[in-house]
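Shown next, in structure tokens, is the structure this report addresses.
Just the heavy atoms: all of them, side chains too, but no hydrogens, waters or symmetry mates, feed the values below.
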Number of protein chains: 2
Amino acid sequence: MSEVAATGISVLLVDDHPIVRQGYRRVLESQGDLHVVAEADNAADAYGAFKAHAPDVVVLDISMPGASGLEAIRNIRARSPRARILVFTMHNEAVLVKAAFSAGASGFVTKSSEPSAVVNAIRSVARGERAMSDDIAHVLAEDSLSPTGSVLDQLGEREIEILRQFAGGATTEQIATHLNLSVKTVQNYHYLIKTKTGARTDAQLVRLAASCGLTRI
Amino acid sequence: MSEVAATGISVLLVDDHPIVRQGYRRVLESQGDLHVVAEADNAADAYGAFKAHAPDVVVLDISMPGASGLEAIRNIRARSPRARILVFTMHNEAVLVKAAFSAGASGFVTKSSEPSAVVNAIRSVARGERAMSDDIAHVLAEDSLSPTGSVLDQLGEREIEILRQFAGGATTEQIATHLNLSVKTVQNYHYLIKTKTGARTDAQLVRLAASCGLTRI
DNA sequence: CGCAGCTCGGGCAAATTTCCCAAGCCGGAT
DNA sequence: ATCCGGCTTGGGAAATTTGCCCGAGCTGCG
């Protein structure tokens with residue numbers, strides 16, 4: 001860590017908005033110990049940039065067009081398990097946070113955070129620690145009744161199938177017919193899936209399903 | 001206008017993310033002729049800041065919690081018709097663009113734009129010209145040629161705002177609180193939106209919103 | 001002026017969601 | 001073999017939401 005302080009921390013910035021990247025770059029560079037060595041504007045390029053520059057920390061917005069940011073996390077971590085990834089986004093849904101961590105993220109910071117909190121999170125992640133902003137800790141705490149891992153791992157096969165069809169736009173009756181179940185059973189699954197994933201609304205469920213690749217939009 | 005060039009252009013930044021504001025500030029200040037004289041993190045404070053600092057240009061993100069950014073535009077313009085407002089957001093829906101201009105915006109630039117395009121737009125707006133980024137011009141052009149308007153064209157401004165928040169994962173109560181409406185009204189809008197768009201389930205609504213660029217997954 | 005459209009909300013029956021519960025089944029642990 | 005735990009399937013009842021109708025205020029427009 002002392003050598004980290006001496007060398008500084010190299011950062012790969014991944015965000016699809018050029019001016020936002022530029023702004024972050026300036027904020028980070030002004031810190032003295034943070035150096036943006038590369039940028040990427042989509043999930044696909046993120047891994048290439050990671051390979052090429054081996055940054056200490058990847059700062060990435062998971063709400064990007066094209067492939068999900070969660071995919072990018074898995075992609076990078078699968079091939080470089082020591083990668084440190086800090087998710088930096090405006091979303092603060094518990095399901096997303098859990099999905100990001102189980103995909104291999106080291107930290108999760110919202111854009112509502114103070115700049116100082118963001119740079120501190122980058123330093124924490126660079127040291128190998130987990131980091132999250134206060135608001136994220138709060139939503140996780142509220143949510144804190146499912147200690148189990150990946151969002152989809154806690155779902156059974158039937159639940160996943162029903163989630164897929166639901167997120168695809170099917171009505172409860174259609175799902176019941178497709179699967180030869182009673183409407184009541186499908187309703188119960190619907191409820192179960194929501195509680196298991198921590199989604200509070202159907203919209204969050206759809207977003208979750210989409211971010212896990214369960215459905216395409 | 002020559003005195004504008006001599007004095008520089010004063011800017012009020014309105015965005016709800018502190019670090020994003022800080023980033024923009026640095027990018028703009030680095031131009032030499034642009035000076036950020038004030039910031040606001042919500043629509044309600046925007047007018048107060050405008051009054052206090054009389055900036056040449058207001059740069060404002062319309063996707064903020066609380067009152068709609070469109071409200072803020074109308075608010076400022078109603079009391080200071082000479083105000084120059086540049087909308088700066090990640091959304092690129094034709095309906096939103098048209099709503100912003102008819103609310104009194106002088107320009108509309110997306111965050112996908114190059115930083116140079118953004119600063120040039122600020123300068124154009126400061127000169128009293130209309131400004132928009134290339135992608136916005138493109139969607140407006142497409143929109144004016146399309147015989148069958150977008151699904152979103154049949155929705156009112158409030159409906160679009162509520163659809164955006166809903167698709168983003170907000171609960172009915174959260175939306176009601178954000179927009180200072182009764183829960184009942186939000187429920188009615190929810191229903192209206194469904195019937196107008198023909199969506200049968202909330203999931204279909206989310207997919208529709210996503211495919212129109214109203215929200216991102 | 002009148003009409004149309006948007007915004008905002010009340011009302012009320014019907015439907016759905018939210019929880020709690022039970023039973024059958026199956027695989028693994030004891 | 002037996003028990004435990006998890007998955008699957010559904011019933012039931014209270015709480016909430018939806019579906020649809022309504023009116024009122026406001027604004028812009030012919």
What is the distance, rounded to the nearest whole Å, between atom CD of Glu157(A) and atom P of dT8(D)? 7 Å

Charged N-O contact under 4.0 Å between Asp16(A) and Lys111(B): no

Under 3.5 Å, is there a donor on one side chain and an acceptor on the other for Ser124(B) and Arg130(B)? no

Residue list, side chain to side chain donor-acceptor pair (under 3.5 Å) with Asn188(B), at least two apart or on another chain: none

Can you list everything that forms a salt bridge (charged side-chain N to carboxylate O under 4.0 Å, His left out) with Arg158(A)? Sequence neighbours excluded, please. none

Selected nucleotide, minimal atom distance to Tyr189(A) side chain, candidates dT7(C), dT9(D), dC8(C): dT9(D)

Have a look at the helix from dC1(C)-dG30(D) to dT30(C)-dA1(D) and give the angle its two end axes make, five pairs each, rounded to 10 degrees. 30°

Qualifying residues under side chain to side chain donor-acceptor pair (under 3.5 Å), relative to Ser106(B), sequence neighbours excluded: none

Rounding to an integer number of Å, can you tell me how far Leu179(B) CG sits from dC6(C) P? 18 Å

Output one line per pair: protein atom, nucleotide atom from nucleotides 22-27 of chain C, and distance, for all N/O pairs under 3.5 Å.
none

Spacing of Ile193(A) atom CD1 relative to dC19(C) atom P, expressed in whole Å: 15 Å

Results of side-chain contact (heavy atoms from CB on, under 4.5 Å) for Asp135(B) - residues two or more places apart only: Thr110(B), Ser112(B), Ser113(B), Ser133(B)

Starting at atom CD1 of Ile175(A), determine the distance to atom P of dT8(D), rounded to an integer number of angstrom. 15 Å

Phosphate OP1/OP2 of dC8(C) contacted by Ser182(B) side-chain N/O (<4.0 Å): no

Going by the ring pair (Phe, Tyr, Trp, His ring centres under 6.0 Å) test, which pairs reach into residues 182-217 of chain B, not counting sequence neighbours? Phe166(B)-His190(B)

When rounded to whole Å, the CG to C1' distance for the pair Leu192(A) and dG6(D) reads 12 Å

List for me each residue that meets side-chain contact (heavy atoms from CB on, under 4.5 Å) alongside His35(B), sequence neighbours excluded, and say none if there are none. Glu29(B)

Measure CG/Leu163(B) against P/dT7(C) and give the value in whole Å, please. 13 Å

Using a cut-off of 4.0 Å on non-hydrogen atoms, how would the nucleic acid contact of Thr185(A) be classed: base, sugar-phosphate, or nothing? base

By the salt bridge (charged side-chain N to carboxylate O under 4.0 Å, His left out) test, which pairs, at least two apart or in different chains, include something from residues 167-176 of chain A? none

Excluding sequence neighbours, so at least two apart, what forms side-chain contact (heavy atoms from CB on, under 4.5 Å) with Val119(B)? Leu28(B), Gln31(B), Leu34(B), Arg123(B)

Restricting to side-chain contact (heavy atoms from CB on, under 4.5 Å), what partner residues turn up for Gln165(A), sequence neighbours left out? Glu161(A), Ala170(A), Ile175(A), His178(A), Leu179(A)

Each nucleotide in nucleotides 17-30 of chain D should get exactly one letter: B, S or -. Can you fill that in based on protein heavy atoms under 4.0 Å? SBBB----------

